[in-house]
**Student:** 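Quick one: this structure, given as structure tokens, is what I'll be asking you about.
Because the structure is predicted, anything quoted here is derived from the model rather than measured. Per chain, numbering begins at 1; letters A, B, ... match sequence-line order.
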Amino acid sequence: MVVFLGCAVCGGVAMGLIKLTAVSFSYIPDKPVISGLDFELCNAERIALSGANGAGKSTILKIMVGLLQPDGGVVEAFGRVRTKERDFYEVRSRAGLLFQDADDQLFSPTVIEDVRFGPLNQGLSQTNADIKAHQALQIVGLSGFEDRVAHKLSGGEKRLVALATVLAMEPEVLLLDEPTAGLDNKTMARLVGILEDLPQAMVIISHDQNFLKKLVTRRVNLVPT
Amino acid sequence: MKGVDGRVRIIAAVLFAVVTTACSRLDILTAIMFSAVLLAWFARLPVVETIKKLLSMDGFILILIATLPFTTTGTHWFGFSGFTASVEGGQLAMEIFLTANACMLSFLALVAAMPHPAIASGLRGLGCSKNLIQILLLTIRYIETLRLEYQRLRTAMQARGFQPRNNLHTWRSYGYLAGMLIVRSLDRADRVLAAMKCRGFRGSFPTVAEDAKLTKADYVFLWWFFLAVLFVVVWQWG
């Protein structure tokens with residue numbers, strides 16, 4: 001007899017990476033955006049997170065990496081319960097969040113400085129951080145963009161550089177908040193190609209059904225409270 | 001000029017400005033202006049753009065230059081419709097004009113022509129506060145985003161038929177525009193900080209590479225610069 005010691009949600013031999021239990025959150029008191037949410041992301045899963053505007057999709061991603069503190073419930077990441085800001089330092093390094101607006105993410109004057117910011121924060125030396133940065137740029141197909149000025153890039157290039165800044169930290173999980181918003185078909189196809197080849201587990205927020213169809217393994221739909 | 005170290009260029013620009021503002025003789029200032037043009041030439045500044053930048057600064061001091069000859073007492077120079085201009089006033093105006101333009105031009109050539117990271121590492125090498133440098137870099141980075149945001153709001157206003165006139169509606173709308181820009185900037189600052197936290201930022205910036213040693217070219221440049229400064233100092237006060 002074979003015994004599966006795995007995830008209860010996907011049923012496979014998998015390890016839970018991020019788990020939310022009975023999480024609730026409200027921006028305005030007594031008006032919860034999320035209440036009683038259970039969610040689990042397992043190894044090698046690519047989950048589409050969908051729901052109406054204002055259903056709290058981005059909020060969930062922010063709770064996962066500790067940018068927002070839930071009013072109730074438990075956040076577990078990589079096998080440990082995380083509550084305080086300090087607990088999330090490690091989570092942020094292992095779960096990379098791609099923001100909706102790339103301009104929020106790219107704050108350095110040049111591309112290379114932005115991409116190596118994460119690795120440097122992880123304590124790597126200048127040389128190693130540069131190596132990681134070059135590799136990340138290569139993955140997104142932007143080798144040679146190192147010395148380009150960040151704010152003069154096109155919208156699509158900014159999005160890919162932002163993805164590179166996250167990949168440079170070699171996270172185990174990718175949390176993507178509307179990665180296709182504002183991208184043309186060509187850039188979107190390029191993004192799909194890049195994401196398909198990545199080994200990381202992902203949570204993807206997107207309204208683009210075509211995009212999701214090509215990538216995801218499971219869908220989670222948020223019902224408004 | 002491109003290979004000259006950031007620290008050297010910043011020191012040179014400061015020295016240039018100090019000496020130039022202290023000079024008062026028109027012949028020396030003319031020579032200084034000429035050397036500023038030379039610096040700009042060495043730095044290969046784009047001619048048209050640089051002239052535009054200088055003119056936009058001159059716009060600010062235009063009124064001062066135009067009124068100084070008439071408001072300074074001294075020897076009669078020329079007069080029209082009851083106003084008389086003095087030679088001393090004219091000289092003063094010329095002095096201010098030359099000083100401002102020479103300082104600006106040398107600054108453009110020595111500092112502004114450098115890539116931003118080079119300015120930052122130059123300032124760091126000179127012991128400038130890390131926080132101030134970061135504020136400078138973030139300002140450079142986000143000023144364009146802010147301009148785009150302003151333009152988006154402006155276009156949205158125009159699309160609904162807004163035409164600036166001198167009335168309360170116009171000024172109120174401009175007030176809203178400015179207010180909205182500030183609110184949006186604050187929001188963006190929050191989001192940028194969140195994004196930085198996600199990449200492991202904990203309040204202090206990772207230190208970047210140690211500054212390289214000064215090369216022979218740097219010393220050669222510095223020596224020539226010091227000689228030129230010494231020459232001007234002796235000429236003016238010697």
Side-chain angles (χ1 to χ4, degrees), chain A residues 58 61-62 64-68 85-86 88-127 129-130 147-153 155 158 162 165-169 171 175 177, chain B residues 2 6 111-124 130-152 181 183-212:
Chain A
S58 302
L61 296 193
K62 284 180 189 158
M64 286 176 181
V65 293
L67 291 174
L68 294 174
E85 169 78 8
R86 282 178 141 298
F88 284 101
Y89 289 163
E90 189 203 349
V91 181
R92 288 173 193 158
S93 175
R94 295 172 71 176
L97 173 58
L98 184 73
F99 280 59
Q100 259 182 47
D101 186 350
D103 265 320
D104 294 338
Q105 204 143 8
L106 307 177
F107 68 93
S108 304
T110 62
V111 168
I112 185 72
E113 281 182 292
D114 227 305
V115 183
R116 74 177 169 214
F117 175 73
L120 284 175
N121 283 329
Q122 286 176 316
L124 293 186
S125 71
Q126 175 82 18
T127 328
D130 271 346
D147 293 321
R148 294 279 292 272
V149 176
H151 69 255
K152 286 188 180 158
L153 299 175
K158 274 186 195 169
T165 66
V166 173
L167 291 177
M169 298 177 74
L175 308 172
D177 196 347
Chain B
K2 214 169 187 176
V111 180
M114 279 192 282
H116 306 144
I119 300 178
S121 74
L123 286 170
R124 206 177 289 119
K130 267 187 190 168
N131 292 347
L132 283 179
I133 296 169
Q134 209 51 47
I135 290 173
L136 176 75
L137 285 180
L138 286 174
T139 309
I140 294 171
R141 165 64 184 87
Y142 280 105
I143 207 152
E144 175 72 7
T145 311
L146 200 64
R147 195 184 64 85
L148 287 178
E149 210 131 71
Y150 164 77
Q151 225 138 46
R152 263 204 298 278
L181 271 181
V183 170
R184 286 190 180 202
S185 304
L186 279 174
D187 275 352
R188 186 177 290 280
D190 279 339
R191 294 198 302 271
V192 171
L193 180 63
M196 287 165 72
K197 275 185 181 173
C198 280
R199 287 195 280 154
F201 180 71
R202 291 175 208 174
S204 68
F205 283 88
T207 40
V208 198
E210 288 295 300
D211 290 289

**Student:** Determine the option with the most heavy-atom pairs under 4.5 angstrom with chain B, choosing from A/Gln122, A/Met169, A/Gln100.
**Tutor:** A/Met169

**Student:** Please state whether the side chain, the backbone, both or neither of A/Leu106 comes within less than 4.5 Å of a heavy atom of chain B.
**Tutor:** both

**Student:** Drop me the distance from B/Cys198's SG to A/Lys62's NZ, to the nearest 0.5 angstrom.
**Tutor:**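 Here the rounded value is 9.5 Å.
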
**Student:** Which pair of heavy atoms, one from A/Arg92 and one from B/Lys197, lies closest together, and at what distance?
**Tutor:**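 Between these two residues, the closest heavy atoms are CD-O, 3.2 Å.
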
**Student:** Which bit of A/Ser108 comes within less than 4.5 Å of chain B, counting heavy atoms only: side chain, backbone, both or neither?
**Tutor:** backbone

**Student:** First locate atom CG of A/Asp104, then atom CG of B/Asp187, and finally report the distance between them rounded to the nearest 0.5 Å.
**Tutor:** 9.5 Å

**Student:** Heavy-atom distance under 4.5 Å to chain B: side chain of A/Glu85, backbone, both or neither?
**Tutor:**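 Contact with chain B: side chain only.
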
**Student:** Between atom CZ of A/Phe107 and atom CZ of B/Arg188, what is the distance when rounded to the nearest 0.5 Å?
**Tutor:**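 Answer for the CZ-CZ pair, A/Phe107 versus B/Arg188, is 14.0 Å.
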
**Student:** Under 4.5 Å from any heavy atom of chain B, what part of A/Asp147 do you find: side chain, backbone, both or neither?
**Tutor:** neither

**Student:** Is chain B contacted by the side chain of A/Phe99, its backbone, both, or neither, given a heavy-atom distance below 4.5 Å?
**Tutor:**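 For A/Phe99, the contact with chain B is made by the side chain alone.
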
**Student:** When rounded to the nearest 0.5 angstrom, what distance separates CD in B/Glu144 from CG in A/Asp103?
**Tutor:** 9.5 Å

**Student:** By a 4.5 Å heavy-atom criterion (distance strictly below it), what part of A/Gln105 contacts chain B: side chain, backbone, both, or neither?
**Tutor:**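 Answer is both: backbone and side chain atoms of A/Gln105 are under 4.5 Å from chain B.
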
**Student:** First locate atom NE2 of A/His151, then atom CD1 of B/Ile143, and finally report the distance between them rounded to the nearest 0.5 Å.
**Tutor:** 9.5 Å

**Student:** Hey, does the side chain of B/Arg199 reach the backbone of A/Asp114 with a donor-acceptor pair shorter than 3.5 angstrom?
**Tutor:**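 Checking the backbone N and O of A/Asp114 against the side chain of B/Arg199, a donor-acceptor pair under 3.5 Å is found.
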
